[in-house]
Protein chains: 2
Amino acid sequence: MFSKQTYQSRRQHLKKEVKQGILLFPGNGESGMNYKDNWYPFRQDSTFLYYTGINNIPDIYFAIDIDEDREILFGNDPTPEEMVWTGAADPLADLAGKSGIATVKPFGELAGFIRAQKQKGRTIHFLPPYRAETTVQLSDLLGIPVGEVEKHKSDAFIKAVVKQRSVKSGEEIEEINKAVNITAQMHTYAIRNAVPGKTEKEIAGDLQAIAIGGGGNISFPIILTKNGQYLHNHATQAVIGEGDLILCDCGAETAMNYAGDMTRTFPAGKTFSPLQKEVYNIVLDAHNSAVEALKPGIRFKDVHLLACTRLTEGLKGMGLMKGDTEEAVAAGAHTLFFQCGLGHMMGMDVHDMENLGEAYVGYTDNLKKSTEFGLKSLRLGKELEAGYVLTVEPGIYFNPFLIDAWKAQKKYSDFVNYDEVEKFKGFGGIRVEEDFVITDSGSTLLGDPLAKTPEAIEELKNS
Amino acid sequence: MFSKQTYQSRRQHLKKEVKQGILLFPGNGESGMNYKDNWYPFRQDSTFLYYTGINNIPDIYFAIDIDEDREILFGNDPTPEEMVWTGAADPLADLAGKSGIATVKPFGELAGFIRAQKQKGRTIHFLPPYRAETTVQLSDLLGIPVGEVEKHKSDAFIKAVVKQRSVKSGEEIEEINKAVNITAQMHTYAIRNAVPGKTEKEIAGDLQAIAIGGGGNISFPIILTKNGQYLHNHATQAVIGEGDLILCDCGAETAMNYAGDMTRTFPAGKTFSPLQKEVYNIVLDAHNSAVEALKPGIRFKDVHLLACTRLTEGLKGMGLMKGDTEEAVAAGAHTLFFQCGLGHMMGMDVHDMENLGEAYVGYTDNLKKSTEFGLKSLRLGKELEAGYVLTVEPGIYFNPFLIDAWKAQKKYSDFVNYDEVEKFKGFGGIRVEEDFVITDSGSTLLGDPLAKTPEAIEELKNS
């Protein structure tokens, strides 16, 4: 965990921003898999962790009472009999002390505390819950029907948290660098070991082992697939074959829950085919163009559209698209090949703060998210600021279902050469993804550089 | 999946057993980790899977209408636009067909179906939910407040499912054998690789990779620890040292969700110390004595007590316990060293059917679970039947907190030599666990045998 001052100062800023009421932070509980006590790996809520630094302890809540200027951690230390099962644990009072929280109360006192504040007419601020357990708890605590909890989330609290968590401090960048470097180790392993005869799951399992060995876990379900044309296609028992193009999109999170998220696409065999290289280089050009454009003040939506333009130019060069590039991009014709967004915020969540709402995290009151296919999957559109951490991940995906559907509808036929595209229905997909922090003058790559050109990937693969 | 006939016959038996009403099977949904769409690995509900064979598809429900003799799967096939993200999926109608389910309806029709059956005065049977999402769904579907859903679970449905799932068929045993053999590979790896300098999590990650590579996943969170004195102590970032005794309790589940669950305890260095060997052999003797006693008709509680007797005898031999063995075990003095139960049922859940309730799975109307320390953690007490699959896992755990607490209370001081026990507060814990199926005349070990004596473990370790 960071220093006591870090957490104290984070909470100080937050209190000033929200101004009044009680800020309620539900910590996560254990999450049952196939019965209540067979748990998925515990994952603390990121916002709870951001303001308290207390990880790996389920079933604790934190409250900041702005009105009476007090901070209380609600939770129970294990009994000696529970320690028969779990072993020793640091007392909650010690953990609270490390982050400068003065008061710890038994969990059983939480409900009474909330009731008392409500009776005083205080506002109880909470963030939108993403686990049903938390929704049910908040429903009980606040006397709101389960189906209506979401509606009562606090906009003021959300906006203050988003403002604060969006700008990463130096110590956070250091931690993200660690996550990205473990992520790069995973990719190095994948590039060398995802070879013909292995199953996708065998490699995915090994990648998860690297993430776990790094002290944390994977930051999201591993995509390791010979069917990269599907954007979030998780590893299966499919056996990798000689000509396969492998798309690996994975990331580690550190013991402090900071995430990395990278993608590399590489041949299962020793080398890319000339055609694979050609498409790869179009994606890489879009990637590099986008990275060069990163700086404070630019709208990420415009960086996205720049990447789309570069992809369209490249696809025109291959005879897959045609017509005026600007018109094609404005119409959305490129979304036949690039169906999603260029990137997203990254931090303690791999899609940082996604549960707080893209309207707050990625957009503003003046820039709302588009509802058009393609742009509606762009999670980040607003002007960048120094300290933002984000991914850049353009791609070209030959999705046979989409090609068939749009060809039948003659959709975008002014811009797409379907006869040529038809030949690529078995090609797969290519994505190149890296993580960046926005600096005062541009951006800096996070983590140490990893092979990115087709030539460098071939060299790494065969070294 | 098994043959269509398997699933049809399972459902046929179930219908006969419950006799009337609607049997409702909620399939599991995706489970969000740190935001809604960052998913833990999908895990289908075991009972849903047992009767439908449909795995890896979230958000589907199955209903058997006994009164009108019809079976309906409720769920939605992905849209072409969803397939941009997920790729192709087998149509639900095909999956339903493979298990002999004739009717598939859109998920949106489920609520109306349930409402109509309730209006006809039909009983809607459901099992106790273990995920809050399911509780909330059942609350909405059935018009029961969230906090009261559990109370309305169907005893008839629970009892029928427990009766059926408790006795494993030949094809199930084959699948469990697979799971146990992957589990044994994990242990072989751990014994050879959990050496000084590695962290617990590094090894745990590698073990999970073996489970995932086997086609499924881990069947429960991996226990790989140099602090084996704590029963469920999960892997941490602690570095393994030269003299450490490592306890590894882990299991794989297959792609069909059948579980394995084994424990081995071994030295981090090349050999056990003479003292470690001495304690190990006491546990092994208890283990072997218990295994020899397994047969249809014997109460597992009596097998547990037999193991406790053997442990007590051994601990007396070492001067750690004293007095009359039978009296010591009857008093519970051995629970200072063996705080839990001898084993549990195993199948599609590693603690098979735990969510259905131990009162049904492990006990009967005539044999209720004890509330005493030790026995209250014995998940299985009732008479064994041919086809039951269970674990045998005695252990000796020197838990310093418990030793301090009981010594201060002079608890069991007629039976415990605390002065001697004091010397073992840094010893750790030892457990030996294997999986068995009860046969007509005794039991059969599941999976291929794995090194179990100290000598065999040392040989495996150094080979």
Side-chain angles (χ1 to χ4, degrees), chain A residues 31-41 43 45-46 80-81 83-88 130-133 135-136 139-140 146-147 199 201-202 204-206 208-213 215 220-221 227 229-233 237 255 257 339 348-351 353-355 373 397 399 401-402 405, chain B residues 31-41 43 45-46 80-81 83-88 130-133 135-136 139-140 146-147 199 201-202 204-206 208-213 215 220-221 227 229-233 237 255 257 339 348-351 353-355 373 397 399 401-402 405:
Chain A
S31 195
M33 194 164 62
N34 51 329
Y35 49 89
K36 188 168 163 294
D37 289 335
N38 200 25
W39 300 329
Y40 283 117
R43 176 54 157 82
D45 175 69
S46 300
E81 206 180 286
M83 286 196 286
V84 165
W85 296 87
T86 59
Y130 49 92
R131 290 187 178 191
E133 290 83 350
T135 305
V136 171
S139 162
D140 287 346
V146 166
T199 68
K201 279 196 81 166
E202 280 174 325
D206 290 344
Q208 181 154 3
I210 296 169
I212 294 173
F220 60 95
N227 288 299
Q229 67 274 20
Y230 308 123
L231 304 174
H232 282 179
N233 196 29
Q237 291 191 72
N257 290 11
Q339 301 91 2
M348 298 182 87
D349 304 307
V350 62
H351 290 172
M353 303 171 277
E354 181 162 302
N355 63 299
F373 184 72
Y397 311 101
N399 182 310
F401 304 109
L402 203 62
Chain B
S31 195
M33 195 164 64
N34 51 329
Y35 49 90
K36 190 169 163 291
D37 289 335
N38 200 24
W39 299 329
Y40 283 118
R43 176 54 157 81
D45 174 69
S46 299
E81 207 182 287
M83 286 195 284
V84 165
W85 297 86
T86 59
Y130 50 91
R131 291 188 178 189
E133 289 84 349
T135 304
V136 171
S139 163
D140 286 345
V146 165
T199 68
K201 280 196 80 167
E202 280 174 325
D206 289 343
Q208 182 155 1
I210 295 170
I212 294 172
F220 60 96
N227 289 299
Q229 66 275 20
Y230 308 122
L231 304 174
H232 281 179
N233 197 29
Q237 292 192 72
N257 290 11
Q339 300 92 2
M348 297 182 87
D349 303 308
V350 62
H351 291 172
M353 301 170 279
E354 183 163 299
N355 63 300
F373 184 73
Y397 311 101
N399 182 311
F401 304 108
L402 202 64

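- Interface remark: B/Phe401 contributes side-chain atoms only to the contact with chain A (heavy atom separation under 4.5 Å).
- Only the side chain of A/Asn399 comes within contact range of chain B, judged by heavy atoms closer than 4.5 Å.
- Residues A/Asp140 and A/Val136 have side chains in contact (heavy-atom distance under 4.5 Å, counting atoms from C-beta outward).
- No other option in B/Gly147, B/Pro41, B/Gly215 has as many heavy-atom pairs under 4.5 Å with chain A as B/Gly215.
- With chain A as the partner, the residue from B/Gly32, B/Gly205, B/Ala204 showing the most heavy-atom pairs under 4.5 Å is B/Gly205.
- Under the side-chain hydrogen bond (donor to acceptor under 3.5 Å, both in side chains) criterion, A/Asp349 pairs with A/Ser46, A/Arg165, B/Asn34, not counting sequence neighbours.
- Contacts with chain B were tallied for A/Gln208, A/Met33, A/Glu133; A/Met33 has the most, counting heavy-atom pairs under 4.5 Å.
- For chain A, the option among B/Lys36, B/Met353, B/Gln237 with the highest count of heavy-atom pairs below 4.5 Å is B/Gln237.
- Residues A/Tyr40 and B/Arg43 are in side-chain contact: their nearest non-hydrogen atoms beyond the backbone lie under 4.5 Å apart.
- B/Asp37 and A/Glu354 get closest at one heavy-atom pair: CB-OE2, 3.9 Å.
- In terms of non-hydrogen atom pairs under 4.5 Å with chain A, the most contact-rich of B/Val84, B/Leu402, B/Asn355 is B/Val84.
- Qualifying ring-ring contact (aromatic ring centres under 6.0 Å, His included) partners for B/Tyr35, counting only residues two or more places apart in sequence or in other chains: A/His351.
- The shortest distance between side-chain heavy atoms of A/Val350 and B/Asn38 falls below 4.5 Å.
- Put simply, of B/Phe373, B/Tyr397, B/Tyr230, B/Phe220, the one with the most heavy-atom pairs under 4.5 Å next to chain A is B/Tyr230.
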